[in-house]
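Everything on this sheet refers to the single structure shown next.
The structure displayed is predicted, hence computed values, not measured ones. First the proteins, then the strands, lettered A, B, ... as listed; each starts at 1.
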Amino acid sequence: MDIQEYFSLVFSDYTLRTITLGTAILGAVTGMLGSFAVLRKQSLLGDAISHAALPGIAISFLITGAKDSNTLLLGALVSGLIGTFWIRGIISKTHLKSDTALGLILSLFFGFGMLLLTFIQKQPNANQAGLDKYLFGQAATLIESDVWMMAIVTGICLFVLLLFWKEFKILLFDKDYAKTLGFNTKAIDILITSFIVLAIVLGLQTVGVVLMSAMLLAPAAAARQWTNSLATMVFLAAIFGAFSGVFGTAISASQDNLSTGPVIVLVAAVFVFVSFVFSPSRGLLFKQIRFIKNRRDLQLHKTLSFMYNIAETHDDISHPHEIKILNNFHGFTKGTLKKLVDKNYVILEGSTWSLTNDGFKTALNLYNQLTKKDE
Amino acid sequence: MSSAQIEIQLIASLVAIACAIPGTFLVLRKMAMISDAISHSILPGIVIGFFITQDLNSPLLILLAALTGVITVVLVEYIQKTGLVKEDTAIGLVFPVLFSIGVLMIAKKANDVHLDIDAVLLGELALAPFDRLLISGVDVGPKSLWIIGSILCITVLLLLAFFKELKLSTFDKGLAASLGFSPAIIHYGLMTVSSITTVGAFDAVGAILVVALMIAPAASAYLLTTDLKKMLILSIIFGVLSAISGYWFAHWLDASIAGSITTMLGVLFLIVYLFAPSKGIIAVLYREKQQRIEVSLLTFLLHLKNHDDENERHVNHLNEHINWQKVRSKIVLDLALKNNMIMIDDSIVFLTPKGDKFTTQAIDYIITNEDAQIEGMKDDFFLFRG
Amino acid sequence: MSNKIAVKVDDLTVAYNYKPVLWDIDLEIPESVLMAIVGPNGAGKSTLIKSILGILKPIAGSVSIYGKSYEKQRSLVAYVPQKGSVDWDFPTTALDVVMMGTYGSLGWIKRPKQKQKKAALEALEKVGMLPFKGRQISQLSGGQQQRIFLARALVQDASIYFMDEPFQGVDATTEIAIINILKELRKAGKTVIVVHHDLQTVPEYFDWVTFLNVKKIATGPVKDIFNDDNLTKTYGINYKVSIQE
């Protein structure tokens, strides 16, 4: 199946439609909430939480024996929250730093989860198959009820987000100030964190424990480059996330042997790369162009002021001088001379140059600016 | 115990030691999450190396994969330098991307060969003794044992050779640089060692256990000591202890050895986290409670010293005016009485000469911010003990 | 200055990690003064403000604003935090930040409307930042950022203003502009409390001063108590400051 076929089938084929819708919704909600994680400098928390959710899935399977994903995800939610608050406990009560706490909880919970999973696999219980998918995710196992679940949770997220928009914003920007205004910062904080955990847990089935953090970070990191407004950033992150989901699904469905999770992550990475390079205000490309342009301007100005110094010694500013004199000057090239001619600052005649009135005025201005700065 | 069992435990212990050494420095340098990133992002390096060598244990593969690890670090630092995203976001962006590339390469090309992501992530220690190293037909032991053994030897040699430099650059970057030890060389050297160790160990124990073995023993040791040498030794002991107990736990449960070792590490950390003598959570909470009482007592004494007015010094005033929120005034009052700091005469509280001297000293020391002086007072007066 | 007491601090003791940073502070700040809090580094100046504002929980003591607890009088108080306390790369514009000043009076959930926006624009105008209202905050100079913070406090339309080192990293023009606004506020009967570093400018800018170094050393009118004796007591060493008369 190629991409075109995919898009012609996506509306009619039940499986494709379900998966596409699921990954799109997932991308949107993780992008949205990921923006908050990124702005709170909690980027790696997502990685830790997703790993910490694994034992929860195993335990809830051991207790209930259920294979239905909602029950398992409830376990994941509980264990993800326990991991999150333990991380906080370690940071606030011991001298271990946040990176150590994150790495600890991440690896210890995950290892424990693996122990349980391998233990379950040895049990004579026919039901166990399918827990593996939480490791790397299998979008193909999404069914309609999963998508409904995602849609409902996303709806709730969106509602809460809009309802407490102002509170979230002020907490993220200036926590102490929010406190003086009388907002219960602890409550807002717990609310945001819980929703981030919820979004992560929701994505485990689709993209898996290992790649979940990228779903959270990539759309937000890309969106940040295009805007200076929080609302636009969250909106863009949701769009980027949703598109990563759709394109990722499309690409993986149109090729053999391509699992959906990694493809979605790579598509999201492309969004990040393009944003990092091509964003007009922050992008590396335009930064570099601005840098080069500034340097050129500087060179031009240097040459012009050098000419000014020479021309100044004559009563008549338009008196022609030999080009050779300029060779002694460091910043001079044929290119700069030509640019000065183009700008009508300088007239070339044979092997001589002379300043125009325009050129003289500009040089004078530059000169004044420079001397002013020195003062 | 069969020889395979002994070999497994030996491999696990060597891995634990090889991880504990760089892990200690990663924890101290606040770079623990880098080890997580490296452990994931070496995957494409492993896959490419595998395509070339067709042997998971070849040295070339290990070098290629370690190179990917170092590239990860460089890439993360480059993204951080652009200032486009906050520091740790860079880590979180780079490693899933590299890992995804690795996963897809396996899916596309390596389907028919024995390389699956489960093994990379989780390892299969139980199978390690079956891959033997044959030198001119003579069986000299499992390959993994030799690999991790060599890596450990190099790590130990490097540690002994550069201990002073490592220590200095970890605790005082500025000083190290001014003495002519380039922090960059130490930094990338450490990153290279971490990468090589991760690659060498992943085959046996999997990427996640490598992270656990790097961070958990060091973190546990850090809660018990701040002396670098002791911390290294403790980390190694913790690592080996978990490796061996983890093996037997897995044996009994018939489950993944890597998962079981990690679980043991977790149990160990939990015990240290709760019960470490001065930095464990119970000790911290107890000390905080003590300190709360101490500070309240000092506040109370200072209040008495500052106010001559009788109604400011009435017993009831403690409750009304000073507005104790956390400590009951009675505890403070009893404590002060017991130590002859105050006298109560007709419900009016007075400082005794001893209390007066104590208060004056305490204020002086706290204002001049001389912690050493306060330490001295702790010996003189019971209440600072803790 | 009237005789009313705007802020009253009683026996306030605050500790960070159970090390006392403020000890048994008694302080009465009269209404309609422009007061500087001075003291060496680590003297607890910011801590004093933060505990009055309820950001830090004191171990002992109480604070009242016009005779009632801070929780009840929140609407009377505005705060300008230290510049380093916020994330300047946050995706938000100057106008957005100033609008945050209205959030307190709005309370939970309610969104700012035209009325709040108008107030924010007026405040921006007052600090001379109206042309920059759409700028992302990291693209502003240090002085401009501080003006934005001041505008945000002005929007709160409070009676008491607390400012934590508003002149830190600020150009001379902005410093004068800010102090003029503060003087205006005092004239309008507001109380302004500023954590201040530059001792030279105390007599010129302020009419009231508190010397602080873990304990309160002295508090009162600048002309009465701003002398070498108190400076020495506060800064430890023999401190001399040339006071321009």
[X] portion near chain C, given a 4.5 angstrom heavy-atom threshold:
{"X": "R282(A)", "result": "side chain"}
{"X": "K169(A)", "result": "both"}
{"X": "F164(A)", "result": "side chain"}

Is the count of non-hydrogen atoms from other residues, nucleotides or ligands lying under 6.0 Å from [X] atom [atom1] greater than 12?
{"X": "F273(A)", "atom1": "CZ", "result": "no"}
{"X": "K126(C)", "atom1": "NZ", "result": "no"}
{"X": "K133(C)", "atom1": "NZ", "result": "no"}
{"X": "F235(A)", "atom1": "CZ", "result": "no"}
{"X": "R111(C)", "atom1": "CZ", "result": "yes"}
{"X": "K190(C)", "atom1": "NZ", "result": "yes"}

Can you tell me which portion of F162(C) sits under 4.5 Å from chain A's heavy atoms? Options are side chain, backbone, both or neither. neither
Portion of E71(C) that has a non-hydrogen atom of chain A nearer than 4.5 angstrom: neither
Atom OG1 of T180(A) and atom CG of L53(C): how far apart are they, to the nearest 0.5 Å? 6.0 Å
Quick check: do [X] and [Y] have side-chain heavy atoms less than 4.5 Å from each other?
{"X": "D96(C)", "Y": "S229(A)", "value": "no"}
{"X": "M100(C)", "Y": "L181(A)", "value": "no"}
{"X": "D174(A)", "Y": "F90(C)", "value": "no"}
{"X": "M99(C)", "Y": "K166(A)", "value": "no"}

Heavy-atom closest pair, residues R224(A) and Q136(C):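 It is NH2-NE2, 3.9 Å.
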Show the nearest heavy-atom pair for residues P91(C) and M233(A), with the distance to one decimal. CG-SD, 3.7 Å
What class does the angle between the rings of Y177(A) and Y79(C) fall in, given that below 30° is parallel, 30 to 60° is tilted and above 60° is perpendicular?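 Y177(A) vs Y79(C) ring planes: parallel.
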I'd like to know which of T92(C), I137(C), V77(C), T93(C) tops the heavy-atom pair count under 4.5 Å against chain A. T92(C)
If we define contacts as heavy-atom pairs under 4.5 Å, which of R152(C), R135(C), Q139(C) has the most with chain A? R152(C)
